[in-house]
Engineer: 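Please see the structure below; I have some questions.
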Amino acid sequence: MTLRDLITACASIASIASVALGASWEDPAPAPVGTRPAYSQPRPARQPAYQTPRAPRYDEPAETPRKEYVVSGETEDGEFYELDLYSQHLDADVRNLYTLGATYVSETEFGPYGATDMAEVDLEFRLFRFDEFLWGSFDAWVDAHAIGFIENPDMDALPDAVVDAALDIGQHWRFVNGWSTEVRAAPGIYSDVADPAFGVPVTLNFYFAVNPDLSLKLGGTFRPGWDIPVIPNVGIAWQPADVLRIEAMLPKSAITLFPGHIVSLFGTFEWRNVTYALADDPGTPEDMTLDDMFVTAGAALCPFGDYRIVGEYGVFLQRELSADVKDDTSIDLSKESFIRIMLKGAF
């Protein structure tokens with residue numbers, strides 16, 4: 001027998017043995033009902049069959065749905081009702097989380113006195129907002145505005161600069177009938193920069209959502225000790241289309257074309273009336289009030305989505321400076337044009 005014949009015989013014996021062993025195998029007896037085997041080997045997880053990844057299909061981005069507040073329920077008669085409480089005043093995303101602006105007015109004449117250039121700086125940003133606080137929303141803003149007089153127009157009582165800088169805190173509540181109410185307080189400094197003085201204007205506003213496109217505002221700000229102790233906060237906010245928004249209000253109104261787009265155009269009207277406490281010097285008034293009305297036209301560029309670069313050109317319609325003296329003296333300021341540049345956006 002050769003070596004090749006020996007290997008062939010061993011392979012044949014192994015094949016016959018394996019077949020015989022398989023035929024003699026018996027399944028184990030089933031476990032009694034109600035009992036579990038002491039140990040069972042876990043079944044391996046089933047592996048998914050390999051599939052070639054499919055190329056992603058391009059879909060047009062869906063439009064961002066407008067945020068709406070809807071309250072629904074049943075009346076006492078069992079009728080279903082649904083109220084849409086979206087407010088153009090409270091819910092429209094038109095107020096930026098921060099604003100930094102600068103305004104320059106050249107050669108303003110102070111009545112029979114001299115003239116001076118004026119520079120203004122605005123700063124506004126939100127500190128926080130809590131939507132679930134005392135059954136409403138609670139927020140706080142820092143709001144600061146300063147006016148600098150580049151040269152003194154031969155007026156001894158005119159300071160170098162005045163400032164109104166406050167912590168504006170407020171709470172508003174919504175009701176199921178479309179009404180909302182808001183209470184605010186703005187403790188801060190309202191004076192010249194040399195001798196800061198403290199004040200606390202208080203605001204109470206009511207809002208009514210007529211429909212998702214139109215809401216009304218009625219209220220006022222109480223300012224004790226100021227030239228005008230109560231200033232109205234009244235008007236409407238109306239956005240009949242995505243390309244047009246109208247805010248016809250006091251003390252500030254605006255018409256905006258293409259709000260929220262890369263380029264938007266706007267026009268504004270604003271009435272400002274602020275009383276500033278002055279330094280307690282002999283022969284000088286205790287305070288002075290700047291009262292002015294102006295209109296502007298401008299454009300906002302939004303290249304990145306979170307930031308807006310704003311440029312405005314404005315003209316004063318009325319300007320007056322009044323001081324707290326015995327004769328209740330007031331003088332008219334010249335109605336010069338001005339330019340304003342702002343940066344707005346979100347942190």
Side-chain angles (χ1 to χ4, degrees), residues 67 69 85-101 121-146 162-191 196-210 214-237 247-254 268-277 287 289-291 342 344 346-347:
K67 183 179 181 181
Y69 294 84
L85 300 183
Y86 182 91
S87 172
Q88 286 292 335
H89 279 101
L90 301 177
D91 302 320
D93 189 15
V94 295
R95 187 175 184 182
N96 296 273
L97 295 185
Y98 75 87
T99 298
L100 177 62
V121 177
D122 294 275
L123 174 63
E124 179 186 70
F125 64 90
R126 190 176 75 183
L127 289 177
F128 58 80
R129 174 175 175 172
F130 302 114
D131 289 329
E132 301 294 338
F133 183 82
L134 294 179
W135 307 282
S137 295
F138 179 66
D139 62 358
W141 296 74
V142 171
D143 193 355
H145 173 235
V162 291
V163 61
D164 52 288
L167 175 63
D168 184 9
I169 56 177
Q171 173 85 17
H172 75 263
W173 296 271
R174 297 177 182 272
F175 306 102
V176 297
N177 56 2
W179 285 93
S180 301
T181 186
E182 178 183 37
V183 178
R184 307 198 68 86
I189 297 172
Y190 304 87
S191 64
F198 190 74
V200 188
V202 178
T203 299
L204 175 63
N205 293 324
F206 296 94
Y207 303 92
F208 179 67
V210 179
L214 175 65
S215 63
L216 313 179
K217 180 179 181 179
L218 176 63
T221 300
F222 177 59
R223 313 176 303 174
W226 290 33
D227 177 59
I228 301 178
V230 179
I231 190 168
N233 300 321
V234 296
I236 66 170
E247 298 177 1
M249 295 185 289
L250 282 177
K252 184 176 181 179
S253 299
T268 69
F269 165 81
E270 186 171 354
W271 171 34
R272 297 189 305 190
N273 179 280
V274 182
T275 297
Y276 301 94
D287 56 54
T289 299
L290 289 175
D291 185 284
M342 292 183 289
K344 299 183 177 183
F347 287 110

Engineer: Within a strict 4.5 Å, meaning less than it, do heavy atoms of the Ile189 and Val163 side chains meet?
Structural biologist: yes
Engineer: Holding to salt bridge (Lys or Arg N to Asp or Glu O under 4.0 Å), I want the full list of residues that pass it with Asp139, two or more places apart in sequence or in another chain.
Structural biologist: Arg184
Engineer: Going by ring-ring contact (aromatic ring centres under 6.0 Å, His included), name the residues that satisfy it together with Trp179, two or more places apart in sequence or in a different chain.
Structural biologist: Phe208
Engineer: Looking at side-chain heavy atoms only, is the closest gap between His89 and Met249 below 4.5 Å?
Structural biologist: yes
Engineer: Might you work through the side chain to side chain contact (heavy atoms under 4.5 Å, CB included) test for Arg174 and Asp91, ending with a clear yes or no?
Structural biologist: CA-CA 12 Å; Arg174 297 177 182 272; Asp91 302 320; 2.3 Å; yes
Engineer: Counting C-beta onward and ignoring hydrogens, is there a side-chain heavy-atom pair between Lys217 and Leu90 closer than 4.5 Å?
Structural biologist: no
Engineer: Mind checking what makes side-chain contact (heavy atoms from CB on, under 4.5 Å) contact with Leu100, not counting sequence neighbours?
Structural biologist: Leu123
Engineer: Under the ring-ring contact (aromatic ring centres under 6.0 Å, His included) test, which residues partner Phe175, sequence neighbours left out?
Structural biologist: none
Engineer: Run the side-chain hydrogen bond (donor to acceptor under 3.5 Å, both in side chains) test against Trp271 and tell me which residues pass, sequence neighbours left out.
Structural biologist: Asp291
Engineer: Is there a side-chain contact between Phe198 and Pro187 in this structure, where contact means two heavy atoms from C-beta onward sitting under 4.5 Å apart?
Structural biologist: yes
Engineer: Can you check whether Leu167 reaches Leu127 side chain to side chain, under 4.5 Å on heavy atoms?
Structural biologist: yes
Engineer: Which heavy atom in Met342 sits nearest to a heavy atom in Gly101, and how many Å separate them?
Structural biologist: CG-CA, 3.5 Å
Engineer: Return the set of residues passing side-chain hydrogen bond (donor to acceptor under 3.5 Å, both in side chains) with Ser191 (not counting sequence neighbours), or none when no residue passes.
Structural biologist: none
Engineer: Go through the steps for Asp168 and Arg126 under the test salt bridge (charged side-chain N to carboxylate O under 4.0 Å, His left out), then give the verdict.
Structural biologist: CA-CA 9 Å; Asp168 184 9; Arg126 190 176 75 183; over 6 Å; no
Engineer: So do Trp173 and Gln171 actually touch side chain to side chain, heavy atoms under 4.5 Å?
Structural biologist: yes
Engineer: Taking side-chain hydrogen bond (donor to acceptor under 3.5 Å, both in side chains) as the definition, give me every residue that meets it alongside Asn233, ordered by chain and number, with sequence neighbours left out.
Structural biologist: Asn205, Thr221
Engineer: Less than 4.5 Å apart, side chain to side chain, heavy atoms only: is that true for Lys344 and Leu97?
Structural biologist: no
Engineer: Backbone N or O of Thr203 within a donor-acceptor pair of the Glu182 side chain at under 3.5 Å?
Structural biologist: no
Engineer: Working to the nearest 0.5 angstrom, can you tell me the gap between Asp287 CG and Asp227 CG?
Structural biologist: 8.5 Å
Engineer: Residues in salt bridge (Lys or Arg N to Asp or Glu O under 4.0 Å) with Arg223, at least two apart?
Structural biologist: none
Engineer: Verify whether one side chain among Asp164 and Tyr276 offers a donor that lies under 3.5 Å from an acceptor in the other.
Structural biologist: yes
Engineer: Just jot down the side-chain contact (heavy atoms from CB on, under 4.5 Å) partners of Leu218, sequence neighbours excluded, or say none.
Structural biologist: Val234
Engineer: Can you tell me how far apart OG (Ser253) and CD (Glu270) are? Round to the nearest 0.5 Å.
Structural biologist: 9.5 Å
Engineer: Cation-pi check, Arg95 to Trp141: give yes when NZ or CZ is under 6.0 Å from the six-membered ring centre and within 45° of the ring axis, no otherwise.
Structural biologist: yes
Engineer: Using 0.5 Å steps for rounding, measure from the CG atom of Leu214 to the OH atom of Tyr86.
Structural biologist: 12.5 Å
Engineer: Look at the rings of Trp226 and Tyr190 and say which category their plane angle falls in: under 30° parallel, 30 to 60° tilted, over 60° perpendicular.
Structural biologist: perpendicular
Engineer: Could you tell me which non-hydrogen atom of Ala166 sits nearest to which non-hydrogen atom of Ala186, and how far apart they are?
Structural biologist: CB-O, 3.7 Å
Engineer: List for me each residue that meets side-chain hydrogen bond (donor to acceptor under 3.5 Å, both in side chains) alongside Ser180, sequence neighbours excluded, and say none if there are none.
Structural biologist: none
Engineer: Nearest 0.5 Å, what's the CZ-OH distance between Phe125 and Tyr98?
Structural biologist: 12.0 Å
Engineer: Considering residues at least two apart in sequence or located in another chain, which fulfil the ring-ring contact (aromatic ring centres under 6.0 Å, His included) criterion with His145?
Structural biologist: none
Engineer: Is Pro251 close to Arg272 at the side-chain level, that is, under 4.5 Å between some pair of heavy atoms?
Structural biologist: no
Engineer: List for me each residue that meets ring-ring contact (aromatic ring centres under 6.0 Å, His included) alongside Phe206, sequence neighbours excluded, and say none if there are none.
Structural biologist: none
